[in-house]
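Chain A is the first sequence line, chain B the second, and so forth, proteins listed ahead of strands; every chain is numbered from 1.
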2 protein chains.
Amino acid sequence: MKLSTRARYGSRALLDIALQSSDEPVQLKEIAQREDISLQYLEHLVTPLISAGIIRSQRGAKGGVMLARPASEIKLSEIVNILEGTIDPVECIEHPDVCERSHSCVTRDIWDEVKKAMDAVLENITLQNLVERYMKKEKPEPVMYYI
Amino acid sequence: MKLSTRARYGSRALLDIALQSSDEPVQLKEIAQREDISLQYLEHLVTPLISAGIIRSQRGAKGGVMLARPASEIKLSEIVNILEGTIDPVECIEHPDVCERSHSCVTRDIWDEVKKAMDAVLENITLQNLVERYMKKEKPEPVMYYI
DNA sequence: TATAAAGTATACTAAAATAGTAGACAATAT
DNA sequence: ATATTGTCTACTATTTTAGTATACTTTATA
């Protein structure tokens with residue numbers, strides 16, 4: 001029941017891009033270095049994200065990638081879905097035919113509830129939220145101490 | 001992000017046992033047949049469930065397995081945990097040391113929230129609940145039709 | 001317009017996890 | 001005594017995941 005590196009690395013890469021947010025594209029090489037992901041593997045993650053319209057790329061010298069939409073409009077559920085495929089904990093949620101029991105299977109119902117619980121979390125978190133969380137961790141609000 | 005067959009088969013096997021609930025042990029061979037799981041594979045699932053005190057077994061002729069506790073005291077979270085290992089979607093939840101970023105990683109925080117959402121579902125469903133859901137599906141309450 | 005610096009695409013390989021099988025062994029009801 | 005049933009350990013096959021390699025395309029800019 002583990003997420004693969006694809007979703008993990010991919011989310012980190014996207015957060016990285018969001019944090020560099022300027023008008024200039026961010027080079028894959030830089031992302032790879034900062035995030036400790038091999039450039040070649042990162043490319044595998046970037047391609048589907050481009051196809052899905054999460055990021056866009058500029059080829060050639062001074063090229064790189066950038067968010068295709070505002071960070072506030074990129075939901076984590078979308079990212080995970082693109083990189084991980086469906087989050088369904090069991091095949092029979094999406095394709096009931098794989099098991100003749102599906103229609104009457106109560107355990108299947110449970111896995112569906114589990115999926116929905118996960119979805120609910122991921123649907124409500126955007127890249128922008130991640131950026132804010134990051135900022136908060138990096139620069140915590142000064143705390144007042146009362147003596 | 002798939003559950004393995006272990007948790008799926010295991011839950012079904014336990015529900016099967018709960019449904020046969022009598023004082024007599026249920027034979028593994030029967031469970032295997034009803035649930036379409038090879039006997040040998042089922043044995044792999046049964047062993048850890050016995051160790052964990054979910055079921056107990058009687059060896060020898062007329063032997064089999066039975067619930068070691070009332071179905072209402074067996075939570076799905078426990079079953080999944082035994083058969084699947086932790087449900088953590090990423091290694092770094094349980095073992096932050098696997099990644100030097102853990103302490104400052106905001107994506108990790110998200111995966112932790114996802115885990116908690118899943119846990120919340122599985123903690124609240126017992127084998128007894130599954131039995132009741134099953135009964136409901138099999139013998140739906142008669143519905144009044146108003147003309 | 002040549003060229004270096006990027007991203008793109010496809011194919012391959014290694015490693016790990018998952019799923020499943022086989023067979024000898026141990027306990028027990030009858 | 002013995003047939004029936006669970007137990008244990010070892011092995012194997014398959015699939016998925018992770019990662020590497022290499023040739024190719026695009027483009028800024030000198």
Side-chain angles (χ1 to χ4, degrees), chain A residues 1-10 12-13 17 20 23-33 35-52 54-68 80 83-91 98-99, chain B residues 1-10 12-13 17 20 23-33 35-52 54-68 80 83-91 98-99:
Chain A
M1 200 60 194
K2 288 274 180 288
L3 226 49
S4 75
T5 52
R6 291 171 60 86
R8 291 196 287 120
Y9 290 178
R12 265 170 41 203
I17 296 168
Q20 314 300 317
D23 302 335
E24 307 218 320
V26 186
Q27 285 182 27
L28 291 186
K29 191 164 40 166
E30 287 173 19
I31 302 171
Q33 276 169 5
E35 303 295 332
D36 265 337
I37 305 173
S38 89
L39 177 59
Q40 285 137 331
Y41 195 50
L42 180 61
E43 287 163 356
H44 283 332
L45 310 180
V46 157
T47 310
L49 291 171
I50 292 173
S51 313
I54 302 280
I55 54 181
R56 59 203 161 83
S57 63
Q58 172 155 357
R59 296 172 78 148
K62 300 254 175 172
V65 294
M66 58 187 81
L67 298 184
V80 171
L83 293 175
E84 198 80 4
T86 170
I87 207 177
D88 298 335
V90 292
E91 184 70 14
V98 297
C99 179
Chain B
M1 201 56 194
K2 287 275 180 290
L3 225 48
S4 74
T5 53
R6 291 171 60 86
R8 291 196 288 119
Y9 291 176
R12 265 171 40 205
I17 296 167
Q20 314 300 316
D23 302 336
E24 307 218 320
V26 186
Q27 285 183 27
L28 292 186
K29 192 167 35 169
E30 287 173 20
I31 302 172
Q33 276 170 6
E35 303 295 333
D36 266 336
I37 305 172
S38 88
L39 177 60
Q40 285 137 331
Y41 195 50
L42 180 61
E43 287 164 356
H44 282 332
L45 310 181
V46 157
T47 310
L49 291 171
I50 293 173
S51 313
I54 302 280
I55 54 182
R56 59 203 161 81
S57 63
Q58 172 155 356
R59 298 170 78 147
K62 301 257 176 169
V65 295
M66 59 187 80
L67 298 185
V80 172
L83 294 175
E84 197 81 3
T86 169
I87 208 176
D88 298 334
V90 292
E91 183 69 15
V98 297
C99 178

Once rounded to the nearest 0.5 Å, what's the spacing between atom OH of B:Y9 and atom CD1 of B:I37? 6.5 Å

Among D:dT20, D:dT7, D:dA18, which is the nearest nucleotide to the side chain of B:E43? D:dT7

Tell me: OH of A:Y9 to P of D:dT17, nearest whole Å? 14 Å

Count the heavy atoms of every other residue, nucleotide or ligand shown that sit under 6.0 Å from CD of A:E24, and state whether that count exceeds 12. no

Atom CD1 of A:I50 and atom P of D:dT26 are separated, to the nearest Å, by 14 Å

Base, sugar-phosphate or nothing for B:Q27? Non-hydrogen atoms, less than 4.0 Å. sugar-phosphate

With the threshold set at under 4.0 Å for non-hydrogen atoms, list the residues of residues 58-66 of chain B touching DNA chain D in residue-number order. B:Q58, B:R59, B:G60, B:A61, B:K62, B:G63, B:G64

Is the phosphate of D:dT7, meaning OP1 or OP2, less than 4.0 Å from a side-chain N or O of B:S57? yes

Tell me: NZ of A:K2 to P of D:dA18, nearest whole Å? 12 Å

Rounded to whole Å, how long is the line connecting atom CG of B:L39 with atom C1' of D:dT7? 11 Å

State the CE-CE distance between A:M1 and B:M1, to the nearest 0.5 angstrom. 4.0 Å

Take the protein atom CE of B:M1 and the nucleotide atom P of D:dT16, then report the distance between them rounded to whole Å. 17 Å

Whole angstrom value for the distance that separates P of D:dT4 from CG of B:L28: 16 Å

Without decimals, in angstroms, what is the distance between A:L83 CG and D:dT17 P? 13 Å

Give the first and the last nucleotide of DNA chain C, reading 5' to 3', that has any atom under 4.0 Å from a heavy atom of chain B. C:dA19 to C:dT30

For the backbone of A:E35 and the side chain of A:R12, can you confirm whether one donor and one acceptor N or O come within less than 3.5 Å of each other? yes

For the atom pair CG (A:L28) and CG (A:L42), what is the distance rounded to the nearest 0.5 Å? 5.0 Å

Between P of D:dT20 and CG of A:L45, the distance in whole Å: 12 Å

Using atom types as modelled and distance alone, determine if a side-chain donor or acceptor of A:E84 lies under 3.5 Å from a backbone N or O of A:S4. yes

side-chain N/O B:T47 vs D:dT7 OP1/OP2, d < 4.0 Å: no

